[in-house]
Amino acid sequence: MTDSLDQVLDRVPALRRRTSVEDLAGGLTNRNLKVTTPDEVYVVRMSSSDASLLGIDRDAEHLNTAAAAQAGVGAEVVDYRPDLGLLVITFLPGIALDNESFTDAGVMARSAEACRSLHAGPDFAGVFDMFTRQAGYLATVLDNGFPLPPDYERFTDAFADVRRALARSPRPLVPCNNDLLAGNYLDNGERVWLIDYEYSGMNDACFELGNTATECEFTPEMTEAWTEAYFGELRPSDLARVRLQSLCSEYGWSLWGFIQAASSPIDYDFHAWGMHRFEKAARTFTSTDFTRLLEEVNDRG
């Protein structure tokens with residue numbers, strides 16, 4: 001994008017009468033702006049990373065953002081300008097959560113309710129499967145010669161074991177955000193909104209739960225409480241599925257970090273980001289719990 005920011009924003013009718021433009025914190029693949037006009041406040045998501053390397057479908061992001069609004073948990077879409085790399089949505093009131101926020105039982109309950117509402121809403125465009133995505137990310141890393149931990153592929157067979165275990169008792173695919181780290185939950189004290197649908201698609205609800213559990217650094221006790229808050233009861237098979245999907249999140253998303261470390265112009269330590277997730281995955285793969293989780297995930301008792 002060679003035009004100045006003002007020139008770009010002037011090309012969006014809703015933003016022409018703006019009175020202020022502020023950068024919003026967060027976002028590792030976008031620049032996010034808060035744009036205020038006399039009548040409304042908007043958020044403008046400006047694409048900044050190479051979507052082809054990361055497997056981002058901007059058209060699906062637009063459609064799924066609109067579907068999340070229909071489900072009652074997302075911002076309304078105001079304009080979508082793929083020619084400018086812009087998605088314009090309404091500004092949602094609320095405070096972005098952090099990891100510590102989930103130690104509050106009320107926050108956890110509201111967040112679980114928001115996930116249930118999203119998962120019960122209109123179908124999303126596309127399917128998100130971390131096993132497919134992990135394979136694609138690994139091919140990107142290897143094909144481009146990007147640095148990879150020397151023992152990453154040591155766990156290829158164990159990851160395949162996880163895939164087989166989950167497939168033996170498949171769950172219905174539901175619309176999922178698939179990237180619900182703490183900052184993508186907005187809480188106004190009465191309800192929680194969910195934002196950022198770059199990686200959204202139809203998926204197993206337990207991936208959504210497991211991804212949040214690992215991204216927000218839940219303790220084992222918090223993961224149990226989170227699983228119970230979503231399902232209304234705590235069954236061993238549900239908990240095992242959430243924990244295995246946390247493992248899938250860690251092992252797959254770590255590659256996202258290694259791709260970003262080698263390709264992103266953003267000044268951020270993506271390699272450390274990826275290593276943190278890989279090291280968590282490695283600990284689970286080599287733990288005494290791993291075999292038990294593979295067995296419990298299919299125990300419907």
Locate the shortest heavy-atom distance separating S111 from F102; write the atom from each residue and the value. OG-CE2, 3.6 Å
Check: N298 side chain, A165 main-chain N or O, donor-acceptor pair, under 3.5 Å: yes
State yes or no: do L181 and F270 share one hydrophobic cluster built from I, L, V, M, F, W and Y residues joined by side-chain heavy-atom distances below 4.5 Å, directly or via other members? no
Test of understanding: clusters of I, L, V, M, F, W, Y form through side-chain heavy atoms closer than 4.5 Å, transitively. Do V78 and L9 belong to the same one? yes
Test item: V107 and R110 side chains (from C-beta on) under 4.5 Å apart, heavy atoms: yes
Note, F231 side chain near C206 side chain (heavy atom, < 4.5 Å): yes
State whether the side chain of T90 and the backbone N or O of E76 hold a donor-acceptor pair below 3.5 Å, judged by distance alone. yes
Between E217 and H276 the two heavy atoms that sit nearest each other are OE2-NE2, 2.7 Å
First locate atom CG of D289, then atom OG1 of T286, and finally report the distance between them rounded to the nearest 0.5 Å. 10.5 Å
Over 60° means perpendicular and under 30° means parallel, so classify the ring planes of W226 and F218, tilted if in between. perpendicular
Check: F207 ring centre within less than 6.0 Å of F128 ring centre: yes
Would a distance-only check, ignoring hydrogens and angles, find a side-chain to backbone donor-acceptor pair under 3.5 Å from S249 to Q245? no
Between the CE atom in M130 and the CG atom in L255, the distance rounded to the nearest 0.5 Å is 8.5 Å
Would a 4.5 Å heavy-atom cut-off, applied to side chains only, mark R58 and L87 as touching? no
Please walk me through it: do F258 and H271 pass side chain to side chain contact (heavy atoms under 4.5 Å, CB included)? CA-CA 5 Å; F258 302 138; H271 180 75; 3.9 Å; yes
Drop me the distance from E295's CD to S237's OG, to the nearest 0.5 angstrom. 13.5 Å
Salt bridge check: are R171 and D238 linked by an N-O gap of less than 4.0 Å? yes
Please evaluate residues R133 and W253 with respect to the criterion side chain to side chain contact (heavy atoms under 4.5 Å, CB included), reporting the C-alpha separation (whole Å), side-chain torsions for both, the decisive distance (0.1 Å), and the verdict. CA-CA 9 Å; R133 184 162 293 251; W253 284 134; 4.3 Å; yes
On a heavy-atom basis, which atom in A114 and which in V192 lie closest, and how many Å separate them? CB-O, 3.5 Å
Pairwise distance CG(D161) to CG(L166) - rounded to 0.5 angstrom: 11.0 Å
Considering only NZ, NE, NH1 and NH2 on the basic side and carboxylate oxygens on the acidic side, decide whether E296 and R243 come within less than 4.0 Å. no
Can you confirm whether the side chains of Y199 and W256 place a donor and an acceptor under 3.5 Å from each other? yes
With rounding to the nearest 0.5 Å, note down the distance linking CG in D204 to CZ in R241. 4.5 Å
Give a yes or no on whether V174 and F124 share a hydrophobic cluster (residues Ile, Leu, Val, Met, Phe, Trp, Tyr; joining criterion: side-chain heavy atoms under 4.5 Å apart). no
If hydrophobic clusters are built from ILVMFWY residues whose side chains come within less than 4.5 Å, do L63 and V43 share one? no
Is there a continuous path of hydrophobic side-chain contacts, each under 4.5 Å between heavy atoms, that joins I89 to L24? yes
Under the ring pair (Phe, Tyr, Trp, His ring centres under 6.0 Å) test, residues paired with F131 that sit two or more places apart: F159
Counting heavy atoms not belonging to L234, are there more than 12 under 6.0 Å from its CG? yes
If you take all heavy atoms of S200 and N64, which pair is closest and at what distance? OG-ND2, 2.9 Å
Contact between T132 and V127 at the side-chain level, heavy atoms closer than 4.5 Å - yes or no? no
Do V35 and F91 have side-chain heavy atoms sitting under 4.5 Å apart? no
Please confirm whether the backbone N or O of T214 pairs with a side-chain atom of K280, one donor and one acceptor, at under 3.5 Å? yes
Sequence neighbours excluded, which residues qualify as side chain to side chain donor-acceptor pair (under 3.5 Å) partners of H62? none
Has the side chain of T19 got a donor or acceptor atom that lies under 3.5 Å from a matching backbone atom of T36? yes
Please report the shortest heavy-atom distance between E208 and C176, naming the atom on each side. OE2-CA, 3.3 Å
State whether R116 and E113 are salt-bridged, where the test is any N-O pair (Lys NZ or Arg NE/NH1/NH2 against Asp/Glu carboxylate O) under 4.0 Å. yes
Work out which heavy atom in L180 is nearest to a heavy atom in I195; give both atom names and the distance. CD2-O, 4.4 Å
Before accepting this row, confirm whether a basic side-chain N of the pair R277/E215 lies closer than 4.0 Å to the acidic partner's carboxylate O. yes
Using a 3.5 Å cut-off and no angle test, enumerate the donor-acceptor pairs between side-chain atoms of residues 145-154 and protein atoms at least two apart in sequence or in another chain.
from : atom 1 : to   : atom 2 : distance (Å)
Y152 : OH     : Q134 : NE2    : 3.3
Y152 : OH     : Y251 : O      : 2.7

Heavy-atom side-chain contact between I259 and V141 under 4.5 Å: yes
pair V12-L84: side-chain heavy atoms closer than 4.5 Å: yes
Within a radius of less than 6.0 Å around CD of E22, do more than 12 heavy atoms belonging to other residues, nucleotides or ligands occur? yes
Between the side chains of Y185 and S101, is a donor N or O closer than 3.5 angstrom to an acceptor N or O? no
Rounded at 0.5 Å granularity, tell me how far CG in D10 sits from CZ in R18. 4.5 Å
Could you tell me whether D79 and R11 make a salt bridge, using a distance below 4.0 angstrom between a side-chain N and a carboxylate O? no
May I have the step-by-step check of side chain to side chain contact (heavy atoms under 4.5 Å, CB included) for R17 and D39, ending in yes or no? CA-CA 9 Å; R17 297 175 60 236; D39 304 314; 2.9 Å; yes
Answer yes or no: are there more than 12 heavy-atom neighbours, outside D157 itself, under 6.0 Å from its atom CG? no
Between the main-chain N or O of D179 and the side-chain N or O of D196, is there a donor-acceptor pair closer than 3.5 Å? no
